[in-house]
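Taking it in order: structure first as structure tokens, then the write-up.
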Amino acid sequence: MIGVTGCRDKVNIEDITMSLLLGLDVNEEGQVEMYMSSPVFSEEAKEKNEHFEVKTYSMKEARNFFDTMATGITSGGKVQAILVGSKVIEHKNWYSTLDFLYRDPKLRLNADLVFVNGSVSDVFDLELKDKPRSSIFLPQLIQTAEFRDVAVRTSLRKYYQMYYEKGITPFAPELSIVENNLKMTGTTLLNDQNLYSKTLSMKETQLFKILNDKVEGQLSLTLALEKFKKDVDIFKENAVSFYVKDIRRKIHKKYKHGQYQFNINLKMPIVINESPIKLNDQTEKSLDVEIEKKIEKDLNDLVSSFQEAKVDPLGLGIFASAFNHSVWKKNDEKWISFYEKANIKVNVEIIIFDKGISM
Amino acid sequence: MNGKINISILQFILMIFGVQIGIGMLALPRELANKSGTSSWIAIIFGGIICTIISITFIKIREKAPTKSFVDFFTFYLGKILGKIIVFLFSIYFLYMGYTVIVRTILYIQSYILQQTSVTIVLLIFLVPTFQLVSGGVHLIAKYIETIFPIIVFVLLMLLFTLKDMNIYFILPIIKDGWLPIFKTIPTTTMSFLGIEVIFIIYPYLKEKEKAIKGVIIANAMSTFTYLFVTLICFVVYSPYEISRIYEPVIDILSVLEFQYVERLDFVLLSLFLLVISKTWVTYLWVGMCGITELFKLKSYVFVLFILFVVFVLMTYILIPTFSTTNIWINYITITGICIIIGMPIILWIGGLIKK
């Protein structure tokens, strides 16, 4: 008897409904809706995916409702992604619904948090003919997008940190349905109240990753340089593309008369893939300068747009706290008001270390 | 006494280290962060130094009567009646400490791994190997601790993998709010070094007694290093605002580790870490039993141990321990422990003076 009591919560793998995707949304009437999707491993079932929808305030309660509909016992140990509708992040305290994810040790904190541009039910209802079942496809999509550095990746654990840390505002990737296809369209930025503030496009996301020194996969950037514009036909021949290698970032901080000053210096080695001009040792210099100018301008624009939107996804507050703690401690609740007024400058130094095999 | 049963200096070191490192480590980073923020790791070094000094004092006192057993030693210093009372209280403290640690461990198991299983059942299962070890005596326990020592090294090495998400700016500047909060944290860190009081009991079994001082210094240095390592890793991975919200940062930090074929390493490592914690309660229970049997000159050691375990099971069944109640127990026990490690040398010193 004693020997088997430890197995009371034993569940056979055939009896499990693995919830791979969880969804959270608000419908038109202002009711909270929870979604869950899991793969079906039955030969008889025509659909290879089952998904459920429940109207409730608590995800834990939603699980009871899921169990009334699912083939097996719902388990959250393999959750791959949590989809949050764009309407949800317009309402206060939405994050409290996710509380159970952080309380139950069996849940996977590496699951990705994804904001859906539109309603979550559309994503769950979407039938993709040329893709694997959506509960498997979506995690793969997030992974590939991250590898090419066209999207950020925010795990639940990471979001928890960004939510409670006062020196950073949260961000997470954005998913949209474009012409009946799922697409990672950029990054959603939230403000210090944890409410929606701004969306970055794919290109801005790349720049954001450069600025954040978080380039892990292969980041290929394409810029249109004004100087080499020829404008004869539709092919303008002024595009330059390059891979960005290991960035070295140095942030110089200053604090004077209630104003912060950040100088973000980036040393960026690049590999040219595509060039509008013939590259030899002389012309290389001019291309270098042009890229530097262009990217510096883009990055500075991005930073000032952050300041305008009152979001600090770069976590400059953490730097502020690290270098000037006595001031930070008094004002940690009001960091954004300091951030707005701060003088932030990005300087870029480009090092071309490979130009390809032909001139 | 006990000319035949001897432990080597390595076993002596690992035994002290093993008793110190245990349940307290799991929540230590949070407790420190609550007290004085991320600068509090400096207090660990001070705590370590203080405990090393106390341990050396213990050895110095013990050297006066190196071969005397637990009870004989105290009666030698303090006279028959007072010595026996002290030994009795001492034993109760050790047994209670052992019981608290085992119950707390089971609560962790229940919270993380076996949510549906009752505490009493897990306790029963755990008491079986404990029974074997405790009745095996110091020799067996020393060997057990020596054998499972690599596990703690392994768990600590796994912690290094979590550094991929680190942000060094979380702990900068190193001294955030001046030295005063750091000094105020020293009592907390000193408590995590509790366990050095077993030196009194295991010292007679040590084979190479001249190396004892070196041994306690190494043991305390190892504990200090372990605590520093764990705390610093937690402080650079968790944001200062976040760490105070997580009960056991040392377990939680492992939950994000994923390798190609292995996920949820925190469960695996927690299960391994249970062995590390088991060193604490096994040693404490053995030390407590030593005192009790010697004091009452009990012949059937195994039978008394059995009765004790029955009492443990009944207590658990009736009290229904929770995290909050064990927190209160641990609080009382650590305060008693601090009183013991500081008060004991003073009492013995006065006793020695009177005797002269």
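Chain letters run A, B, ... following the sequence lines, proteins first, then strands; residues in each count from 1.
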Subject >> Evaluation steps, side-chain contact (heavy atoms from CB on, under 4.5 Å), between A/Tyr102 and B/Ile246 >> reply: CA-CA 9 Å; A/Tyr102 298 100; B/Ile246 292 162; over 6 Å; no
**OP:** Could you grab the distance from atom NZ of A/Lys106 to atom CZ of B/Phe267, nearest 0.5 Å is fine?
**Re:**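 A/Lys106 NZ to B/Phe267 CZ: 6.5 Å, rounded to 0.5 Å.
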Subject >> A/Tyr160 OH to B/Ser239 OG distance, which is reported to the nearest 0.5 Å >> reply: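 One gets 10.5 Å once the value is rounded to the nearest 0.5 Å.
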**OP:** Could you list which of residues 317-324 of chain A have a heavy atom closer than 4.5 Å to any heavy atom of chain B, in residue-number order?
**Re:**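 Checking residues 317-324 of chain A against chain B gives A/Ile318, A/Phe319, A/Ser321, A/Ala322.
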[X] atom [atom1], neighbour heavy-atom count above 12 within 6.0 Å:
{"X": "B/Ile174", "atom1": "CD1", "answer": "no"}
{"X": "A/Lys253", "atom1": "NZ", "answer": "yes"}
{"X": "B/Leu160", "atom1": "CG", "answer": "yes"}
{"X": "B/Phe183", "atom1": "CZ", "answer": "yes"}
{"X": "B/Phe259", "atom1": "CZ", "answer": "yes"}
{"X": "B/Lys164", "atom1": "NZ", "answer": "yes"}
{"X": "B/Phe323", "atom1": "CZ", "answer": "yes"}

**OP:** If a pair satisfies side-chain hydrogen bond (donor to acceptor under 3.5 Å, both in side chains) and one of its residues is in residues 176-188 of chain B, list it, with sequence neighbours excluded.
**Re:**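 For residues 176-188 of chain B, and leaving out neighbouring residues, the side-chain hydrogen bond (donor to acceptor under 3.5 Å, both in side chains) pairs sorted by first residue read B/Lys35-B/Thr188, B/Ser36-B/Thr185, B/Thr38-B/Lys176.
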Original post:
So which pairs with a foot in residues 165-174 of chain B pass side-chain hydrogen bond (donor to acceptor under 3.5 Å, both in side chains), sequence neighbours left out?
Top reply: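 Found none.
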Original post:
Using a cut-off of under 4.5 Å for heavy-atom pairs, which of A/Lys166, A/Lys78, A/Lys158, A/Lys329 has the most such pairs with chain B?
Top reply: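 When all of A/Lys166, A/Lys78, A/Lys158, A/Lys329 are compared, A/Lys166 has the most.
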Subject >> Any side-chain heavy-atom pair of B/Asp252 and A/Leu109 under 4.5 Å >> reply: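 Answer yes - side chains close enough.
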Original post:
Can you find a heavy atom in the side chain of B/Phe170 that is under 4.5 Å from one in the side chain of A/Gln161?
Top reply: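 Side-chain contact under 4.5 Å: yes.
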**OP:** Go through the structure and list residues passing side chain to side chain donor-acceptor pair (under 3.5 Å) with B/Tyr247, not counting sequence neighbours.
**Re:**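 Scan of B/Tyr247 (side chain to side chain donor-acceptor pair (under 3.5 Å), adjacent residues dropped) gives none.
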Original post:
Side chain, backbone, both or neither: which part of A/Ile251 has an atom under 4.5 Å from a heavy atom of chain B?
Top reply: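 Interface part for A/Ile251: neither.
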Original post:
What are the two closest non-hydrogen atoms of B/Ser111 and A/Pro105, and how far apart are they?
Top reply: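 Smallest heavy-atom distance, with atoms named: O-CG, 3.1 Å.
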**OP:** Against chain A, label B/Ile243 side chain, backbone, both or neither, depending on which of its atoms sit under 4.5 Å from a heavy atom there.
**Re:**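 No part of B/Ile243 comes within 4.5 Å of chain A.
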Original post:
Distance-only, no hydrogens or angles: does the B/Glu242 side chain make a donor-acceptor pair with backbone N or O of A/Met162 under 3.5 Å?
Top reply: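 Looks like no, no N/O pair under 3.5 Å.
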